[in-house]
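A, B, ... follow the sequence lines: proteins, then strands. Residue 1 opens every chain.
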Protein chains: 2
Amino acid sequence: MSQLTDRQKQIVDATLDIIATIGIQNLTIRKLAEKVGVTEGAIYRHYPSKDEILVSVAGYFKSESTVILQQIIDSEGSSVHKIKMFFLGRCRQFKDNHALALVLFSDDIFKGSGRVQAEISATIHSHGRLLVKIITEGQDSGTIRANIVAEHMFMMIMGALRLLVTRWRAADFGFDLLGEGEKLWASIEALVTPS
Amino acid sequence: MSQLTDRQKQIVDATLDIIATIGIQNLTIRKLAEKVGVTEGAIYRHYPSKDEILVSVAGYFKSESTVILQQIIDSEGSSVHKIKMFFLGRCRQFKDNHALALVLFSDDIFKGSGRVQAEISATIHSHGRLLVKIITEGQDSGTIRANIVAEHMFMMIMGALRLLVTRWRAADFGFDLLGEGEKLWASIEALVTPS
DNA sequence: GTCTATAGATCGATAGAC
DNA sequence: GTCTATCGATCTATAGAC
């Protein structure tokens, strides 16, 4: 974690790019070196092993994904507004950083390297708990329908976002994710707010 | 497609099992042969290549996932009942066949073998269109809230199911998927039916 | 249809010159 | 810090005996 050198940042970016385009099962040091523009041996001057590169990728994911959470905690709006901020904020992040969508929504990328897997799922889990808490607060204050399990509401909202992003990736990023995200959010808000 | 020999079925089952446990990036002919109980050379008597085994896996997925769709088409219930049948039917299928959940909900399993990837996503897409059509019919007949885009409603329902299954897998199948699915469905039904 | 044995390619990682 | 060169392991796939 902490700070990466310029080369390390290049390597992490190249790794994400390769995973996004040809899948983790085709991620090799050779292809990585080729994309960075150095030889295979040079890669090992910056990382001791391939696994350690994936650890770095996971760290990058963690810091990026936490940014929006902090903005929400500091925000003053209603519960619905906070969740909307998260929802559209993620769309904006993915639009600016396609590879991030991949890391956040692929369950099997880090399978095999157990340590990385555990860290990522812990992060996702803690973020989820925060959002469920916000939903519960909204239910208590009457801005969100109260006769539904908050956890289930969270699953529908995040699940829909994930499906949207999955389609966006399948379409080779060929539509406006933020625009479609706003439309989808309008439907979600209509469903979860009291009528 | 068509019929598999007993050995081919064994190989497909073993493939799914390996993918489910240690990930596709660790799927090798050696591990496959070991699990089936024969040597590596023997595998190639039943399949010409590793890729062709994955094609078989995809075919198996396709036939399994279509079963419930046909039941729904033939059913006589309301739109809400049909979607519930699909939702809980999938839970039941996954409970009986853990590996199926993996194939249905992993975007990156078949990345790299473009032909398989295309076939699977086409199947998922056509199933989705059928469910959206059922939702639209429900909206027209008044059993489903009509002021929401049907496509978005579909995304929330399927997204929630996916998230539930993802958690079930992460928990090593350690809770009752069908029971939790029924609770989740109750929340979904409360949200999507007119109040 | 299964075995042993092996070819040929590619993988992660290292050594040593510069 | 990058290069060339290479090691040892492992991969997919094949050949030939039984």
For residues 127-144 of chain B, which side-chain N or O atoms pair as donor and acceptor with protein atoms under 3.5 Å away, sequence neighbours left out?
residue  : atom : partner  : partner atom : Å
B:Thr136 : OG1  : B:Val132 : O            : 2.9
B:Gln139 : NE2  : B:Arg145 : O            : 3.0
B:Gln139 : NE2  : B:Ile148 : O            : 2.7
B:Ser141 : OG   : B:Glu137 : O            : 3.2
B:Ser141 : OG   : B:Gly138 : O            : 3.3
B:Thr143 : OG1  : B:Gly138 : O            : 3.3

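Listed by first and then second residue, the salt bridge (charged side-chain N to carboxylate O under 4.0 Å, His left out) pairs involving residues 52-70 of chain A are A:Glu52-A:Arg115, A:Lys62-A:Glu119 (not counting sequence neighbours). Sorted by first and then second residue, the ring-ring contact (aromatic ring centres under 6.0 Å, His included) pairs with a member in residues 32-68 of chain A form an empty list; sequence neighbours excluded. Within the structure, the ring-ring contact (aromatic ring centres under 6.0 Å, His included) test picks out the following pairs touching residues 62-101 of chain A (sequence neighbours left out): A:Phe87-A:Trp185, A:Phe94-A:Phe105, A:His98-A:Trp168, A:His98-A:Phe173.
Contact between the side-chain N/O atoms of B:Thr39 and the OP1/OP2 oxygens of C:dT2 is not found at any separation under 4.0 Å. Close to C:dC3, at under 4.0 Å from its OP1 or OP2, lies no side-chain N or O of B:Arg45.
Counting heavy atoms from C-beta on, the side chains of A:Val103 and A:Leu16 come closer than 4.5 Å.
In this structure B:Glu40 satisfies the salt bridge (charged side-chain N to carboxylate O under 4.0 Å, His left out) test together with B:Arg30, sequence neighbours excluded.
Spacing between atom CZ of A:Arg7 and atom C1' of D:dC3 amounts to 13 Å, rounded to whole angstrom units. Between the CD atom of B:Glu34 and the C1' atom of C:dC3 there is a distance of 16 Å, rounded to whole Å. Whole-Å rounding puts the A:His46 NE2 to C:dT14 P distance at 15 Å. What separates CG of A:Asn26 from C1' of C:dG12 is a distance of 16 Å, to the nearest Å. A:Leu32 places its CG atom 16 Å from the C1' atom of C:dT10, with the value rounded to the nearest Å.
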Anything under 3.5 Å between a protein N or O and an N or O of nucleotides 12-15 of chain D, put it in a table, one pair a line.
residue : atom : partner : partner atom : Å
D:dT12  : OP1  : B:Lys50 : NZ           : 2.8
D:dT12  : OP2  : B:Ile29 : N            : 2.8
D:dA13  : OP2  : B:Tyr44 : OH           : 3.0
D:dA13  : OP2  : B:Lys50 : N            : 2.9

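Here the nucleotide nearest the side chain of A:Lys31, chosen from D:dC11, C:dC11, C:dT2, is C:dC11.
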